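This report concerns only the one structure given below.
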Amino acid sequence: MWKSIIKYFSSIKNTLLYFDFQPLLFFWISSDILNNLVLWTNISYWEAAGQPNTYWLYFAYLICSVLMLIFIHNIKWLARFVGAYLVLYLFSTIRYLVSVFGGEEAFVLMDFKNILITCWYAFMWAWILFKLKKEMLERSLR
């Protein structure tokens, strides 16, 4: 058992030292985990804000991020969890756009900023998934 644990951490170390973008992804995922609001709030906070489902959305983000971190050395599983994260991100983006444009309040500059940042992150995660799929294809052709 200890041998397999040591092998697991050795493969993660080798991935972080010898691959191109996985070290950057490691730091991005770590930041994402540390910034996740599930770690800093509880469900009663979101219930008081009238958005109890938002807690579960952030919880799903946390699960995807932790799984990406665990499988950062396995490109096939990493791509699956990045894809799941991207789908979750696109769902929350659509949810946000519906709340902004379906609401009774006027569209303000803060909404534009939030939409711009959301689109940037969606593009970034799509690009990461594209890079992972490209690397998987190159490995399969060798």
Side-chain angles (χ1 to χ4, degrees), residues 1-140:
M1 180 173 140
W2 285 107
K3 199 172 194 175
S4 62
I5 292 173
I6 290 171
K7 184 181 175 187
Y8 170 77
F9 283 110
S10 175
S11 66
I12 288 178
K13 181 190 88 160
N14 290 337
T15 299
L16 293 176
L17 289 177
Y18 303 116
F19 287 85
D20 291 335
F21 65 93
Q22 278 89 341
L24 297 172
L25 189 57
F26 171 80
F27 288 108
W28 184 260
I29 295 167
S30 300
S31 168
D32 196 53
I33 290 170
L34 293 173
N35 284 323
N36 193 293
L37 289 175
V38 167
L39 301 177
W40 310 109
T41 62
N42 56 25
I43 195 162
S44 62
Y45 170 84
W46 294 100
E47 288 171 345
Q51 299 178 345
N53 293 333
T54 301
Y55 177 84
W56 298 111
L57 181 65
Y58 281 119
F59 185 76
Y61 278 128
L62 181 63
I63 296 297
C64 282
S65 296
V66 168
L67 289 170
M68 282 189 280
L69 198 60
I70 290 171
F71 289 100
I72 199 162
H73 69 289
N74 185 327
I75 196 164
K76 186 182 284 186
W77 280 97
L78 178 62
R80 290 175 182 161
F81 293 121
V82 168
Y85 193 97
L86 181 60
V87 167
L88 195 60
Y89 202 83
L90 293 175
F91 167 76
S92 65
T93 300
I94 292 167
R95 182 176 166 231
Y96 176 72
L97 291 173
V98 167
S99 72
V100 167
F101 292 112
E104 297 169 5
E105 298 177 16
F107 188 80
V108 295
L109 185 61
M110 185 63 83
D111 293 325
F112 177 76
K113 178 198 76 94
N114 291 339
I115 291 170
L116 182 65
I117 290 170
T118 299
C119 289
W120 177 260
Y121 283 134
F123 174 76
M124 181 195 70
W125 282 109
W127 183 256
I128 290 169
L129 183 60
F130 171 77
K131 293 291 284 180
L132 287 169
K133 293 290 189 175
K134 181 180 175 226
E135 187 171 325
M136 287 171 56
L137 178 63
E138 288 173 356
R139 285 183 185 183
S140 71

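Model, not experiment: these values are computed from the prediction. These values consider heavy atoms only, across backbone and side chains, with no hydrogens, waters or symmetry-generated copies.
A salt bridge links E138 with K134; the closest basic N to acidic carboxylate O contact falls under 4.0 Å.
Atom CG in L62 sits 5.5 Å away from atom CG in L39 (nearest 0.5 Å). One distance of note links OH of Y121 with CG of D32; it measures 9.0 Å at 0.5 Å rounding. Between T93 atom OG1 and I117 atom CD1 the span is 12.0 Å, to the nearest 0.5 Å. How far OH of Y85 is from CD1 of I29: 9.0 Å, rounded to the nearest 0.5 Å. Between the OH atom in Y58 and the OG1 atom in T41 there is a gap of 8.5 Å [rounded to 0.5 Å]. The distance from atom OG of S140 to atom CD of E135, rounded to the nearest 0.5 Å, is 11.0 Å.
Scanning for side chain to side chain donor-acceptor pair (under 3.5 Å) contacts around S31 gives N35, with sequence neighbours left out.
The two atoms that bring L78 and I72 nearest to each other are CD2-O, 3.9 Å, heavy atoms only. For P52 against G50, the heavy-atom pair with the smallest separation is CD-C, 3.5 Å. Y96 approaches I115 most closely through the heavy-atom pair CE2-CG1, 3.7 Å. For the residue pair L57 and S92, the shortest heavy atom distance occurs at CD2-CB, 3.5 Å. Of all heavy-atom pairs spanning A122 and L86, the tightest one is O-CD1, 3.7 Å. In plain terms, the two heavy atoms of L132 and A79 that are nearest each other are CD1-CA, 3.8 Å.
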Would Y89 and T118 count as a side chain to side chain contact (heavy atoms under 4.5 Å, CB included) here? Give the steps.
CA-CA 9 Å; Y89 202 83; T118 299; 3.9 Å; yes
Might you work through the side chain to side chain contact (heavy atoms under 4.5 Å, CB included) test for Y55 and Y45, ending with a clear yes or no?
CA-CA 9 Å; Y55 177 84; Y45 170 84; over 6 Å; no
Determine, stepwise, if the pair W120 / W125 fulfils side chain to side chain contact (heavy atoms under 4.5 Å, CB included).
CA-CA 9 Å; W120 177 260; W125 282 109; over 6 Å; no
Given side chain to side chain contact (heavy atoms under 4.5 Å, CB included), test F101 with D111 step by step and report yes or no.
CA-CA 10 Å; F101 292 112; D111 293 325; over 6 Å; no
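One N or O on the side chain of W40 and one on the backbone of L34 form a donor-acceptor pair closer than 3.5 Å. Between the side chain of S10 and the main chain of I6, no donor-acceptor pair closer than 3.5 Å is present. Side chain of N36 to backbone of F59: no donor-acceptor contact under 3.5 angstrom is found.
F71 and H73 have parallel rings, their planes meeting at less than 30° on a 0 to 90° scale where 60° marks the start of perpendicular.
The environment of F130 atom CZ is sparse: at most 12 non-hydrogen atoms of other residues, nucleotides or ligands sit within 6.0 angstrom. Counted within 6.0 Å of CZ on F81, heavy atoms from surrounding residues, nucleotides or ligands total more than 12; the atom is thus considered enclosed. More than 12 heavy atoms of other residues, nucleotides or ligands shown are found within 6.0 angstrom of OH on Y8.
Here salt bridge (charged side-chain N to carboxylate O under 4.0 Å, His left out) pairs that include residues 75-99, with residues two or more places apart or in two chains, number zero.
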